[in-house]
Amino acid sequence: MADEYPNPFRSEQMSLVQLFVPTEVAHDTVAELGELGNVQFKDLNPSVNPFQRSFVGEIRRIDEMARRVRFFASQIEKEKDVVPIRPLYDSAPLITVGPRAAQTIDELDVTLAEHESRLMKMNDSYQTLSERAKELVEAWHVLRETAVFFDRAQGQQSNIRSSFDESSAPLLQHDEAQYSTNIQFDLEFVTGTIERSRIPIFERVLWRVLRGNLYMNHTDIVEPFVNPATGEETRKNVFIIFAHGDALLAKIRKVAESMGATLYPIDSNADKRSDSLREVTIRLEDIQNVLYNTGLNRRAELVKLGENLRSWQDVVRKEKMIYETLNLFNYDVRRKTLIAEAWVPTRDITNIQIALRHATEESGTNVPPILHELRTHKTPPTFIRTNKFTVGFQTIMDSYGTAKYQETNPGLFAITTFPFLFAVMFGDIGHGFIIFCGALYMILAERKLARLDLGEIMGQFFFGRYIILLMGLFSMYTGLMYNDIFSRSLHFWHSGWLFPESNSTSLTGVNTGHVYPFGLDPGWHGADNILVFTNSYKMKLSIVLGVTHMTFALCLQLPNHIKFKRPVDIYANFIPQMIFLQSIFGYLAICILYKWSIDWSKTTAEPPSLLNMLIAMFLTPTTIKPELRLYPGQGIVQPILLLLAVVCVPWLLITKPYIAWKEMKRIHHQGYSGLGEGPRDDPDDVLEAEEEGDGRAIVEDASEEHEQHDFGEVVIHQVIHTIEFCLGCISHTASYLRLWALSLAHAQLSEVLWTMTLEPVLGPTSLFGWVALILMGMFWFSATVFVLCIMEGLSAFLHALRLHWVEANSKHFEGGGHVFTPLTFADESAKE
């Protein structure tokens with residue numbers, strides 16, 4: 001078996017290998033195997049805490065380096081102007097293997113620390129300067145608005161209270177006699193800035209606290225203030241509040257500070273205010289110049305980081321994966337080597353040995369790692385090798401469940417059956433051509449598109465580009481079968497129907513005896529009874545395809561039973577299931593094909609209803625009514641088939657539990673006891689293997705719990721399996737009618753779209769008609785792409801998916817396997 005060439009019919013044969021790796025070459029060995037990407041290491045230290053493993057110090061160091069790289073990436077992302085990042089494939093690689101590997105990592109650590117320190121200092125300096133510039137801008141606005149207020153108040157001195165003797169009198173009097181326009185005085189005031197959204201609350205609180213003994217004015221600052229750290233915009237207002245008395249002013253300051261306002265001391269003297277304004281303006285210009293230069297230096301630093309960011313991310317990611325893998329190894333103190341166990345594809349062992357020798361040469365040592373296979377009874381992981389064409393189909397099948405090791409792979413057959421069942425529901429030459437062209441573009445431009453960030457939705461379409469390609473190709477084929485292109489028909493050959501001219505409102509077609517060579521005769525398009533014909537045609541076709549698909553899926557049981565040496569399952573499960581399915585639904589499919597093969601216009605009998613015939617087969621199996629007679633001897637064939645189906649039910653129920661019971665009795669009478677009840681009698685080859693270093697695998701095999709079932713579990717499982725299969729045959733056959741339903745819905749929706757958009761404006765005779773044709777043509781094409789191709793296509797895709805997961809896989813799929821997850825750098829590198 002080890003020499004067999006692997007194929008996608010089954011998962012690849014796997015081997016459990018043991019590696020003895022010298023400590024000085026361990027890092028380079030794991031790095032080489034990670035590049036190879038076909039070794040799944042086992043954890044040989046399951047009981048050791050992750051913080052107590054051998055390489056936890058190196059992992060912490062790499063984590064710190066990763067934190068710095070993430071910090072650089074976040075700073076580049078937050079930058080307003082886009083900072084170019086050199087892609088990984090265009091970056092100079094960092095050599096982290098070989099004799100200078102440790103020195104390279106040390107230099108990278110120092111480089112990252114220097115860049116982080118420099119960037120953090122720039123950030124702190126930039127933030128400090130930004131805060132200072134913001135304060136100066138606010139002070140400038142306060143000085144300017146205060147000057148404007150005082151200039152405006154020069155001509156309004158009469159509104160200010162003239163009495164200073166009574167401190168309890170309000171600032172503004174309603175008594176006009178108390179006003180004076182000749183008195184000169186200096187009122188104390190408080191100025192500052194506050195968020196615009198808090199102005200109403202601020203005014204209300206001050207009015208209640210000071211009982212109206214204040215005069216407040218505020219104005220908007222047009223430019224928003226931007227936080228350099230978060231990028232949030234804040235809009236503020238300048239306010240000036242007049243009050244009399246130190247106690248009131250103290251209250252105003254406390255209220256303002258509690259609401260987040262910034263207070264600025266402004267002199268009441270106009271000359272001093274002018275001097276302050278000039279001074280603030282000069283300082284603001286200086287700080288803005290410094291801030292601009294700091295921003296240029298910071299951006300230059302970010303551009304420099306962008307040159308190497310992808311390379312650093314790749315190195316840090318790989319190094320962390322390497323040391324996490326090394327923590328899975330067991331350290332042999334006596335031999336001063338690391339011991340590892342791993343699952344590998346059997347046919348890749350030669351490539352792995354070459355990689356081990358290459359790692360030894362790269363590290364500059366003379367002691368190569370040693371690899372040898374272990375004998376084990378543990379179930380290997382499931383690994384199905386794929387390429388860019390098959391990976392999409394395999395992923396669809398793997399989403400249902402992971403196949404058992406060496407089980408028949410349904411993903412191989414899905415390459416054909418999945419796009420075909422999709423096409424049966426989606427059949428249209430034009431729509432199939434559109435999605436075919438879309439997939440073909442993604443395939444031709446896949447190198448360019450693979451490097452772009454396509455987003456989640458477009459990324460899924462790109463991942464399944466080969467599935468879409470085949471779906472479009474098969475849809476064009478079924479569209480030819482349906483003779484349907486955008487709800488119109490094609491006349492490749494002469495139709496078998498003639499419509500003679502007549503004065504009546506309805507025409508009756510005349511059959512010329514000519515048979516249309518391929519697909520549906522175009523004479524049916526436009527006929528009043530086309531729905532009656534296509535409904536019957538597609539409904540019966542879906543039953544035939546469904547029974548064929550289920551029969552094929554059921555046949556996939558046979559290779560599994562032969563492979564796993566289960567002859568009992570062939571006689572107790574496969575044969576009765578096949579007989580049951582074919583005696584009812586296989587018979588129905590044959591009757592459909594036989595009915596199609598007869599020219600009922602040349603017979604005196606009416607074509608029987610197959611549905612009524614099937615119902616009568618169960619109700620009155622020995623009596624065939626004349627209107628339900630399809631062929632001679634029907635009264636003999638149907639009772640025999642029904643009897644076979646009835647016999648298969650107890651056959652399924654009883655045979656396997658009875659054989660299991662007989663086997664259990666036979667073993668019991670021979671005096672055998674259960675596992676672990678007697679002393680262990682090890683053969684010589686097992687003891688020899690333990691001496692050679694295979695001890696761990698042998699111990700694990702002995703401690704592994706083999707699946708044991710008592711007789712009661714076998715009976716219960718078989719009863720459930722029988723009921724599920726018998727009822728499933730009925731429901732699953734009916735489920736395939738979705739092929740008919742979705743095909744009918746797609747054709748009718750396409751016809752409605754054509755009839756209501758393009759058809760009324762065809763054949764324009766004026767400028768308005770041409771404009772209407774262009775507009776309606778654009779609308780029709782957009783609706784065709786987004787509604788009929790994308791939305792209807794997704795619907796047909798999901799239904800085809802269900803037919804494979806439920807109707808087909810339930811007939812043969814065993815599952816229960818675990819996925820092969822090797823150490824690999826390739827997938828993550830592709831994402832980068």
Side-chain angles (χ1 to χ4, degrees), residues 414-440 464 466-493 495 516-527 529-549 589 592-593 596 735-755 780-781 783-804 807:
I415 297 175
T416 302
T417 59
F418 187 88
F420 178 73
L421 291 182
F422 170 88
V424 172
M425 296 178 276
F426 194 76
D428 189 289
I429 301 173
H431 301 158
F433 181 73
I434 289 175
I435 64 175
F436 175 81
C437 290
L440 188 63
Y466 288 98
I467 302 177
I468 299 173
L469 182 78
L470 289 188
M471 290 193 307
L473 195 62
F474 277 70
S475 295
M476 288 191 285
Y477 169 75
T478 54
L480 285 171
M481 292 293 296
Y482 298 155
N483 201 349
D484 207 352
I485 174 170
F486 299 126
S487 77
R488 303 292 92 191
S489 62
L490 295 174
H491 293 259
F492 289 116
W493 297 279
S495 173
Y516 201 72
F518 185 84
L520 192 66
D521 195 305
W524 282 103
H525 281 271
N529 59 340
I530 183 174
L531 276 181
V532 178
F533 175 74
T534 55
N535 267 347
S536 175
Y537 167 64
K538 292 183 178 180
M539 180 174 64
K540 292 180 175 64
L541 182 65
S542 65
I543 295 295
V544 173
L545 293 176
V547 173
T548 304
H549 192 212
I592 291 172
L593 298 176
W596 280 349
S735 181
Y736 278 93
L737 291 174
R738 71 185 68 237
L739 298 174
W740 155 57
L742 265 76
S743 174
L744 177 66
H746 185 80
Q748 290 301 301
L749 190 59
S750 176
E751 184 175 355
V752 167
L753 184 63
W754 176 277
T755 305
W780 170 83
F781 184 76
T784 297
V785 172
F786 292 103
V787 177
L788 293 178
C789 291
I790 296 180
M791 293 180 61
E792 281 279 311
L794 287 174
S795 175
F797 179 90
L798 292 176
H799 283 282
L801 193 64
R802 182 237 153 79
L803 291 176
H804 281 79
E807 277 69 27

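FYI, the numbering just counts along the sequence from 1. Worth saying up front: this structure is predicted, and the values here are computed from it rather than measured.
Using a 4.5 Å heavy-atom threshold, the side chains of His431 and Thr784 count as touching. For the pair His799 and Met425, the minimum side-chain heavy-atom distance is below 4.5 Å. Side-chain contact between Phe518 and Met481 is present, with at least one heavy-atom pair separated by less than 4.5 Å. The shortest side-chain heavy-atom distance between Val787 and Leu753 does not fall under the 4.5 Å cut-off. Phe426 has its side chain out of reach of Phe474: every pair of non-hydrogen atoms, C-beta onward, lies at least 4.5 Å apart. Here the side chains of Ile467 and Phe422 are not in contact, with every heavy-atom distance at 4.5 Å or above. Looking only at side-chain heavy atoms (C-beta outward), Leu541 and Leu739 stay at 4.5 Å or farther from each other. Looking only at side-chain heavy atoms (C-beta outward), Tyr736 and Leu803 come within less than 4.5 Å of each other.
One finds the CH2 atom of Trp740 at 5.5 Å from the CE atom of Met539 (value rounded to the nearest 0.5 Å). With rounding to the nearest 0.5 angstrom, the CG atom of Leu421 is 7.0 Å from the CG atom of Leu545. Rounded to the nearest 0.5 Å, atoms CG (Leu788) and OG (Ser795) are 11.5 Å apart. Between atom CG of residue Leu744 and atom OG1 of residue Thr534 there is a gap of 6.0 Å, rounded to the nearest 0.5 Å. From Phe418, atom CZ reaches atom CZ of Phe797 across 4.0 Å, with rounding to the nearest 0.5 Å. In this structure, Ile434 CD1 and Ile429 CD1 are separated by 12.5 Å, a value rounded to the nearest 0.5 Å.
Closest approach of Ser542 to Leu737, counting heavy atoms only: OG-CD2, 3.5 Å. Scanning both residues, Ile435 and Met471, for their nearest heavy atoms gives CD1-C, 4.1 Å. The two atoms that bring Thr548 and Val544 nearest to each other are OG1-O, 2.7 Å, heavy atoms only. Scanning all heavy atoms of the two residues, the minimum distance from Met476 to Gly432 falls at CG-C, 3.8 Å. Heavy-atom minimum distance, Phe486 versus Gly430: CZ-CA, 3.5 Å.
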Q | Full working for side chain to side chain contact (heavy atoms under 4.5 Å, CB included) between Ser735 and Arg802 | A | CA-CA 10 Å; Ser735 181; Arg802 182 237 153 79; 3.4 Å; yes
**Q.** Pair Leu470-Tyr466, side chain to side chain contact (heavy atoms under 4.5 Å, CB included): steps then yes or no
**A.** CA-CA 6 Å; Leu470 289 188; Tyr466 288 98; 6.0 Å; no
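For Arg488, there are no salt bridge (Lys or Arg N to Asp or Glu O under 4.0 Å) partners at least two apart in sequence or on another chain. When the side-chain hydrogen bond (donor to acceptor under 3.5 Å, both in side chains) test is applied to Thr417, the partners found at least two apart in sequence or on another chain are His804.
For the residue pair Ser536 / Lys540, a side-chain donor-acceptor distance below 3.5 Å is found, with atom types taken as modelled.
Applying the side chain to side chain donor-acceptor pair (under 3.5 Å) rule to pairs touching residues 467-482 yields nothing, sequence neighbours excluded.
Side-chain atoms of Asp428 never come within 3.5 Å of backbone atoms of Gly479 as a donor-acceptor pair (strictly under, hydrogens ignored).
The environment of CZ in Phe786 is sparse: at most 12 heavy-atom neighbours from other residues, nucleotides or ligands sit within 6.0 Å.
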